[in-house]
A.B. asks: 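One structure, as structure tokens, below. Some questions next.
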2 protein chains.
Amino acid sequence: MKQTPFAFEKALKNQTKKEILADKLIEMILTGLLRDGDELPSERELAQLFEVSRETVRGGLALLTGYGLLNVSHGSKSRVCASEAVIDSFRNHPARQQGDELNNLDIESVFESRIVVESAIARRAARHIDEAGLKKLDALLEAQSQHFDSPVNFQLSDQNFHHVIAEYSRNEILIRYADELYTYALNIRRQVMAEHGSIKRSYEEHVRIVEALRAGDPDAAERAMLSHIDSVYYTTRDKMPH
Amino acid sequence: MKQTPFAFEKALKNQTKKEILADKLIEMILTGLLRDGDELPSERELAQLFEVSRETVRGGLALLTGYGLLNVSHGSKSRVCASEAVIDSFRNHPARQQGDELNNLDIESVFESRIVVESAIARRAARHIDEAGLKKLDALLEAQSQHFDSPVNFQLSDQNFHHVIAEYSRNEILIRYADELYTYALNIRRQVMAEHGSIKRSYEEHVRIVEALRAGDPDAAERAMLSHIDSVYYTTRDKMPH
DNA sequence: CTCCACTGGTATATATTTCATACCAGCATA
DNA sequence: TATGCTGGTATGAAATATATACCAGTGGAG
């Protein structure tokens, strides 16, 4: 009796050439090599450059057009049409090869994941932190305390702060995940950071995190980090349109 | 207006499904999951497992046969035919440029991260799992119980098992991280899966995970998952050359 | 031993992707 | 306006992948 309930999610997936081409062009747009308004080479030229047929090029360009990244007009060359908003939505969702473009990482998933990763990092950092690390964090706290009125500077320091702690988890994968999730969250809450009160509160929470790390107390570090992420989450969520 | 010093130079290459399948099987041979003389699942079975047509499977197997890695005979199952000499010539020479980025990640970081992510997933899955999910997991357990002597089948089912649970975390990011970490871990522990005892133990641990999920008990699910990952970790570590 | 369920081997038809080669229609400019 | 670009379209061919059959060799259960 050999039936097969093997519905395999991890099936063999074949990427077509037009998809590969579309991805390459998207990458060029994301990296700024191609900017809004830039002319693309002609379809015949692209076909030669990528060593594919013109029909394949047209297929790839059609995908880009569908994503709203390209403007094609009969008779003239195609132009990149990439507003900051569209670019951001692409930058945040690299797993975009499927048709469900605008679907994406909802705010809850991002912060839920941040809690998981940052908590684990805080525990490990409390065990591995050393004097040099604490000194770095103190310096960052000092910088943050002087930037309550400068959201841009505070954000840069904030990112650095979390990255330094992540480094003391001594786990490259967790560091990478934390950086990635920070970026996701940042793109969601850009507007929120402009608020005065939220910056000061973040600073105070940072202070508590450093205290726990200095004490070498994993439980306290995890609690402080969790409380911080939670606070950022709720502030962000309340500010969202929905 | 003359511009276009464009950086398009690379031709784009399309990998066919049979090539992908052949690469997967070669990888299994190189890592010792498939050894000289081992039977391969039947063509029809492989077609279902990889969700491709039987003709595509035959194409992939034909490539392996051409490389001298496989012995197909009318009426019987195909057998791996891989002398040490042939394996070595494959391990060194061919265009196997891919897997190198994983080698930088040490085994401890991978499993530490897996524990973090899979524990979180288990907790969430216990809250969100439904009858359909439990049915899927039961079917996978049933399949696994019949594949104690078939590392290939068991591994494929094992991957599916973890993926289904991850899906019930209802968090796309955690799902992506879990899949990625599974792949990392798999590349490290392929040899271990060939051991008879480790397969049966994995199965029993899977059963306990499903029990906890069925009970809807997040704590128990986390404990069961953590114990499972731990077990895989220790087995893998003890098998490593170092 | 025979039988038959399994195995690989084969044939057919169809859909998709990619390609090459045309020709048509819109745009810019000399 | 006329010429040479541009994108838009149509056709046929090849390669790939799928689905559905049926044929032929193997090996184990009865």
Side-chain angles (χ1 to χ4, degrees), chain A residues 1-4 6-8 10-25 37-66 69-81 97-99, chain B residues 1-4 6 8 10-25 37-66 69-81 146-147 149-150 152-153:
Chain A
M1 193 65 162
K2 268 246 182 102
Q3 64 152 8
T4 26
F6 271 99
F8 229 128
K10 266 250 171 177
L12 256 41
K13 182 55 189 164
N14 209 10
Q15 213 180 9
T16 63
K17 291 195 179 184
K18 53 186 173 190
E19 288 167 346
I20 299 174
L21 173 58
D23 283 346
K24 277 184 182 289
L25 292 175
D38 280 357
E39 269 184 356
L40 234 55
S42 75
E43 294 176 353
R44 292 168 175 84
E45 205 170 343
L46 287 172
Q48 284 196 326
L49 288 168
F50 287 103
E51 293 178 19
V52 297
S53 75
R54 190 174 149 224
E55 276 307 312
T56 304
V57 170
R58 286 177 58 75
L61 297 187
L63 288 176
L64 281 199
T65 310
L69 288 173
L70 194 64
N71 223 323
V72 296
S73 64
H74 195 162
S76 323
K77 291 195 175 182
S78 299
R79 291 199 122 85
V80 174
C81 158
Q97 49 260 37
Q98 309 292 12
Chain B
M1 265 319 235
K2 270 286 186 70
Q3 47 144 8
T4 56
F6 271 100
F8 313 126
K10 284 200 300 187
L12 21 100
K13 177 61 188 161
N14 211 12
Q15 214 182 8
T16 63
K17 290 194 180 184
K18 54 187 175 191
E19 287 167 347
I20 298 174
L21 174 58
D23 284 347
K24 277 182 183 287
L25 292 175
D38 280 356
E39 269 184 356
L40 234 54
S42 76
E43 295 175 352
R44 291 170 175 83
E45 206 169 345
L46 287 172
Q48 284 197 324
L49 287 170
F50 288 102
E51 287 182 12
V52 296
S53 74
R54 191 176 147 221
E55 279 305 312
T56 303
V57 169
R58 285 177 60 74
L61 297 187
L63 288 176
L64 282 198
T65 311
L69 288 173
L70 194 65
N71 222 324
V72 296
S73 64
H74 194 163
S76 326
K77 290 194 176 182
S78 300
R79 290 200 124 84
V80 174
C81 158
Q146 293 175 359
H147 285 140
D149 54 350
S150 171
V152 182
N153 277 317

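Here the structure is a predicted model, which means the values were calculated and not measured. Proteins get letters first, then strands, A, B, ... in listed order; numbering begins at 1 in each.
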A.B. asks: Between D/dT18, D/dT6, C/dG8, which nucleotide gets closest to the side-chain atoms of B/Arg58?
C.D. replies: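 The answer is C/dG8.
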
A.B. asks: Rounding to a whole Å, what distance do you find between B/Gln15:CD and C/dT18:P?
C.D. replies: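 Nearest whole value for this atom pair: 14 Å.
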
A.B. asks: Considering only side-chain heavy atoms of B/Lys18, which listed nucleotide, D/dA17, D/dT6, C/dC27, is closest?
C.D. replies: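 The listed nucleotide nearest to B/Lys18's side chain is D/dA17.
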
A.B. asks: Taking all non-hydrogen atoms of both residues into account, name the closest pair between A/Lys17 and A/Thr56 and its distance.
C.D. replies: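 Shortest heavy-atom contact: CB-CG2, 3.8 Å.
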
A.B. asks: What's the CZ-C1' distance between A/Arg44 and D/dT6, to the nearest Å?
C.D. replies: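 The answer, rounded to whole Å, is 7 Å.
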
A.B. asks: How long is the line joining CG of A/Leu46 and C1' of D/dG8, in whole Å?
C.D. replies: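 The answer, rounded to whole Å, is 16 Å.
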
A.B. asks: Would you mind telling me which of C/dT7, D/dT6, C/dG9 lies closest to the side-chain atoms of A/Ser42?
C.D. replies: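 The closest nucleotide is D/dT6.
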
A.B. asks: If every non-hydrogen atom of A/Lys77 is compared with every non-hydrogen atom of A/Leu40, which pair is closest and at what distance?
C.D. replies: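 Minimum heavy-atom separation between A/Lys77 and A/Leu40: CD-O, 3.5 Å.
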
A.B. asks: Starting the side chain at C-beta, find the nucleotide from C/dG8, D/dT6, D/dT26 nearest to B/Ser76.
C.D. replies: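 Nearest to the side-chain atoms of B/Ser76, counting from C-beta on, is D/dT26.
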
A.B. asks: To the nearest Å, how far apart are B/Glu19 CD and D/dA17 C1'?
C.D. replies: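 The distance from CD of B/Glu19 to C1' of D/dA17 comes to 13 Å, rounded to the nearest Å.
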
A.B. asks: Would you name the heavy atoms of A/Arg79 and A/Leu70 that are closest together and state the gap between them?
C.D. replies: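 For A/Arg79 and A/Leu70, the tightest heavy-atom pair comes out as O-CD1, 3.3 Å.
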
A.B. asks: In whole angstroms, how far is the P atom of D/dG8 from the CG atom of A/Leu70?
C.D. replies: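 Computing the A/Leu70:CG to D/dG8:P distance gives 10 Å.
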
A.B. asks: Select base, sugar-phosphate, or nothing to describe what A/Glu55 touches, counting heavy atoms under 4.0 Å on all strands.
C.D. replies: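 Base: the residue A/Glu55, judged by heavy atoms under 4.0 Å, touches a nucleobase.
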
A.B. asks: Would you indicate, yes or no, if D/dT18 has its OP1 or OP2 atom less than 4.0 angstrom from a side-chain nitrogen or oxygen of B/Lys17?
C.D. replies: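 Yes.
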
A.B. asks: How long is the line joining NZ of B/Lys77 and P of C/dA5, in whole Å?
C.D. replies: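 Taking atom P of C/dA5 as the reference, NZ of B/Lys77 is at 17 Å.
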
A.B. asks: Using whole Å, what does the distance between atom C1' of nucleotide C/dT18 and atom CG of A/Leu21 come to?
C.D. replies: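 For the pair A/Leu21 CG and C/dT18 C1', the rounded distance is 13 Å.
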
A.B. asks: For a 4.5 angstrom cut-off between non-hydrogen side-chain atoms, does A/Leu69 reach A/Val80?
C.D. replies: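 When only atoms from C-beta onward are counted, A/Val80 and A/Leu69 do not touch, as no gap falls below 4.5 Å.
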
A.B. asks: Name the closest nucleotide to the B/Thr16 side chain, picking from D/dA19, D/dT16, D/dG7.
C.D. replies: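 Of the candidates, D/dT16 comes closest.
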
A.B. asks: Do B/Leu46 and B/Leu21 pass the side chain to side chain contact (heavy atoms under 4.5 Å, CB included) test, and can you show the C-alpha distance, the side-chain angles, and the key distance before you say yes or no?
C.D. replies: CA-CA 10 Å; B/Leu46 287 172; B/Leu21 174 58; 5.7 Å; no

A.B. asks: Expressed in angstrom and rounded to an integer, what is the separation of A/His74 atom NE2 from D/dC5 atom P?
C.D. replies: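 Rounding to the nearest Å, NE2 of A/His74 and P of D/dC5 are 16 Å apart.
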
A.B. asks: On DNA chain C, does the nearest nucleotide to A/Arg54 precede the nearest nucleotide to B/Pro41 from the 5' side, or the other way round? Give the residue.
C.D. replies: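 Nearest nucleotide further toward 5': that of B/Pro41.
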
